[in-house]
Structures are given as structure tokens and as C-alpha cells.
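For the numbers below, each heavy atom of this structure counts, side chains included, while hydrogens, waters and symmetry mates do not.
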Amino acid sequence: MSDSHAEVDPHAKAELERLRGSIDNIDAAIVHMLAERFKCTQEVGRLKAEFRLPPADPSRERVQIARLRELAAAARLDPAFAEKFLNFIIAEVIRHHESIAAED
């Protein structure tokens, strides 16, 4: 049984490790940014619960999706992917807001 990495060009291996290190750093930054975002949305959820506002805000969601699609296109990221990502986040935020409202 041979080691599949033993035959890899040393320059290619070093470049792969460098790129993977960057990916790991970016992934960590994404996690920290999402944590900060959810701290803010938890506060929004508490305000909505206090003032008996609905957990979802479809008009705000539409604006944010359009905004994110534009940002994605400008960044050369697939706007459909960006929209799916934001929809996933929005669904989680709404779930949190419903949980907060149920506590009151």
C-alpha cells in the first residue's frame, strides 16, 4: 500500500497546505461572524417578543435577499447560492424568534 501524498510535487503540496490554511482561517471567521450576527438577532427577537411583533418580517427578508444577491454578484459569487445561504440563516433566526416569543 503506497502513500498517495508521497508522489505529490513538493511545491504543489506546499501550495495546497497554504490554501487549506487560508480556508481554515476563513471558516473560523465565518463562524465568529455568524455568532455575532445571531447575538444581534437574539436581541431583535427579544424586542419583537416584548412588543408582540411577528417573528418573521417578509418585506425585510425580501430586501435583504435582494441586497445579498447584489453583493454576491459583485463579489463573483453565485447569487443563487448566496440566497440559499441567507434563507437558511433567516429560517434559523425565525425559529429563534418563535422560541423567544414562546418564553413570554
Check your understanding: Are Leu53 and Leu47 close enough that some pair of their side-chain heavy atoms sits under 4.5 Å apart?
Key -> no
Review point. From His97 NE2 over to Ile90 CD1, what is the distance, rounded to the nearest 0.5 angstrom?
Key: 11.0 Å
Practice item. Please determine which of Glu43, Glu92, Met33 meets the side-chain contact (heavy atoms from CB on, under 4.5 Å) test together with Phe38. Key: Glu92
Revision key, fill the gap. Shortest non-hydrogen pair, Pro55 vs Lys48, comes out as O-NZ, 3.0 Å
Review point. Going by heavy atoms in the side chains, are Glu61 and Ile94 under 4.5 Å from each other?
Key: yes
Exercise for review: Give a yes or no on whether a salt bridge exists between Glu15 and Arg18, defined as a side-chain N under 4.0 angstrom from a carboxylate O.
Suggested key: yes
**Study point:** Distance-minimising heavy-atom pair for Ala12 and Val8
**Key:** CB-CG1, 4.2 Å
Check your understanding: Taking all atoms of both residues into account, what is the closest heavy-atom pair of Gly45 and Ile100, and its distance?
Key -> O-CG2, 3.7 Å
Point to revise | Reported CD-to-CD1 distance for the pair Gln64 and Ile89, which is rounded to 0.5 angstrom | key: 11.0 Å
Point to revise | Interatomic spacing from CG in Leu71 to CG in Leu86 - rounded to 0.5 Å | key: 10.5 Å
Check your understanding: Given the rule in the side chain to side chain donor-acceptor pair (under 3.5 Å) test, do Glu36 and His32 qualify, once you have shown the distances and angles that lead to the verdict?
Key -> CA-CA 6 Å; Glu36 286 300 311; His32 288 286; over 6 Å; no
Revision key, fill the gap. Rounded to the nearest 0.5 Å, the CG atom of Asp57 sits from the CZ atom of Arg62 at a distance of 8.5 Å
Study note, to complete from the structure: Rounded to the nearest 0.5 angstrom, the CD-CG distance for Glu83 and Leu68 is 9.0 Å
**Study point:** Cluster check Ile30, Val93: I/L/V/M/F/W/Y, side chain < 4.5 angstrom
**Key:** yes
Check your understanding: In Å, rounded to the nearest 0.5 Å, how long is the span from CG of Leu77 to CZ of Phe85?
Key -> 10.0 Å
Exercise for review: Assess whether side chain to side chain donor-acceptor pair (under 3.5 Å) is satisfied between Ser22 and Asp24, documenting all intermediate values.
Suggested key: CA-CA 5 Å; Ser22 292; Asp24 292 349; over 6 Å; no
Point to revise | Heavy-atom closest pair, residues Ala72 and Ala82 | key: CB-CB, 3.5 Å
Review point. Does the distance from a Lys or Arg side-chain N to an Asp or Glu carboxylate O, for Arg67 and Glu70, drop under 4.0 Å?
Key: no
